[in-house]
Amino acid sequence: MKNLAITGTARKELGKKAAKAERKANLIPCVLYGNGENTNFTVSEGELRKLIYTPDIYLVELSIDGKKANAVLKDAQFHPVKDTILHVDFYQVSEDKPIVMEVPIKLEGLAEGVKAGGKLNQAMRKMKVKGLYNNIPEILTINIESLGLGKAIQVGSLSFDNLEIISPKNAIVAVVKATRAAKNAAADK
């Protein structure tokens, strides 16, 4: 998991009016959940760009008025029309407590069904897993070389070291669909 340092300032006032004033000053209201207490703070919009607008996952090293904490991005809320960031939630991590995160999936290899004229369709881009934060990889790599024509890989058939898969077991990760050309070639045989 990549690291990213973000510096924030504790919020003195809470509520809609204060949050609206902070957004006008290009500050984003944030909350850090964890260890029995919630910390409200603000971060400049520029510091959050690299964290929000990327498919990568990060371990965020938060510094709020000198207090340091390690956290992961839990949720981000966006304006429905302008698509600007309205609010961000962070979840504090510890060495001994597992967390749930969505990790990007990368398919590796050339499927046998594609060689036979099929078309590969990646149905799932991220998979929800549970584990200690230092065991969670940046990308979950899945080998698809043995995937035949008309066959699919489901979440239930996968396993990763030190991780528990939370996504539904019957969800399809990737499938090789038969094209017209592949069907015609199979009918000619």
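At least one side-chain heavy atom of N3 sits under 4.5 Å from a side-chain heavy atom of E61. With contacts defined as side-chain heavy-atom distances shorter than 4.5 Å, the pair V88/L48 qualifies. T39 has its side chain out of reach of V31: every pair of non-hydrogen atoms, C-beta onward, lies at least 4.5 Å apart. A heavy-atom distance below 4.5 Å is not found between the side chains of Y133 and M101. Residues K130 and L163 fail the side-chain proximity criterion, which asks for heavy atoms closer than 4.5 Å. The side-chain heavy atoms of N40 and L14, taken from C-beta on, include a pair separated by under 4.5 Å. Considering only heavy atoms from C-beta on, I52 comes within 4.5 Å of I85 through its side chain.
When atom types are taken as modelled, the side chain of D65 and the backbone of A10 share a donor-acceptor pair closer than 3.5 angstrom.
For the residue pair V176 and A111, the shortest heavy atom distance occurs at CG2-CB, 4.0 Å. Smallest separation of non-hydrogen atoms from P55 and P104: O-CG, 3.2 Å. Listed here is the closest heavy atom pair of V93 and L59: CG2-CD1, 3.8 Å. Shortest non-hydrogen contact noted between L32 and A71 is CD1-CB, 3.7 Å. In plain terms, the two heavy atoms of Y91 and K97 that are nearest each other are OH-NZ, 3.4 Å. The shortest non-hydrogen separation linking S167 to K128 is OG-N, 2.9 Å.
We find the CE-CE distance between M127 and M124 to be 6.0 Å, quoted to the nearest 0.5 Å. Atoms CD and CD1, on E47 and I6 in that order, are 6.0 Å from each other to the nearest 0.5 Å. For the atom pair NZ of K68 and CG of L62, the computed distance is 10.0 Å after rounding to the nearest 0.5 Å. Atom CD of E22 sits about 9.5 Å away from atom SG of C30, to the nearest 0.5 Å. Here the straight-line distance linking atom CG of L73 with atom OG1 of T54 works out to 11.0 Å at 0.5 Å rounding. Between the CG atom of D89 and the CD atom of Q77 there is a distance of 6.5 Å, given to the nearest 0.5 Å.
Linking ILVMFWY side-chain heavy atoms closer than 4.5 Å, directly or via other members, places F90 and Y53 in a single hydrophobic cluster. L51 and L86 fall into different hydrophobic clusters, defined by Ile, Leu, Val, Met, Phe, Trp and Tyr side-chain heavy atoms under 4.5 Å apart, directly or through other members. Note on V72: it does not cluster hydrophobically with I64, by side-chain heavy-atom contacts below 4.5 Å among ILVMFWY residues. Y58 and V103 end up in different hydrophobic clusters when Ile, Leu, Val, Met, Phe, Trp and Tyr side chains are linked at under 4.5 Å. Using a 4.5 Å cut-off between side-chain heavy atoms of Ile, Leu, Val, Met, Phe, Trp and Tyr, with links allowed through other members, F78 and L27 fall into different hydrophobic clusters.
The 12-atom threshold is not exceeded at NZ of K24, counting heavy atoms of other residues, nucleotides or ligands nearer than 6.0 Å.
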Just list the side-chain donor-acceptor pairs under 3.5 Å for residues 141-162, sequence neighbours left out, or say none.
residue	atom	partner	partner atom	Å
N143	OD1	E145	N	2.9
Q154	NE2	N170	O	3.4
S157	OG	Q154	O	2.8

Begin from the C-alpha positions of E45 and R23 and carry the test salt bridge (Lys or Arg N to Asp or Glu O under 4.0 Å) through to its verdict.
-> CA-CA 9 Å; E45 190 174 357; R23 287 186 195 108; over 6 Å; no
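Here the rule is salt bridge (Lys or Arg N to Asp or Glu O under 4.0 Å) with D56, and of K2, K106, K126, K50 only K2 fits it.
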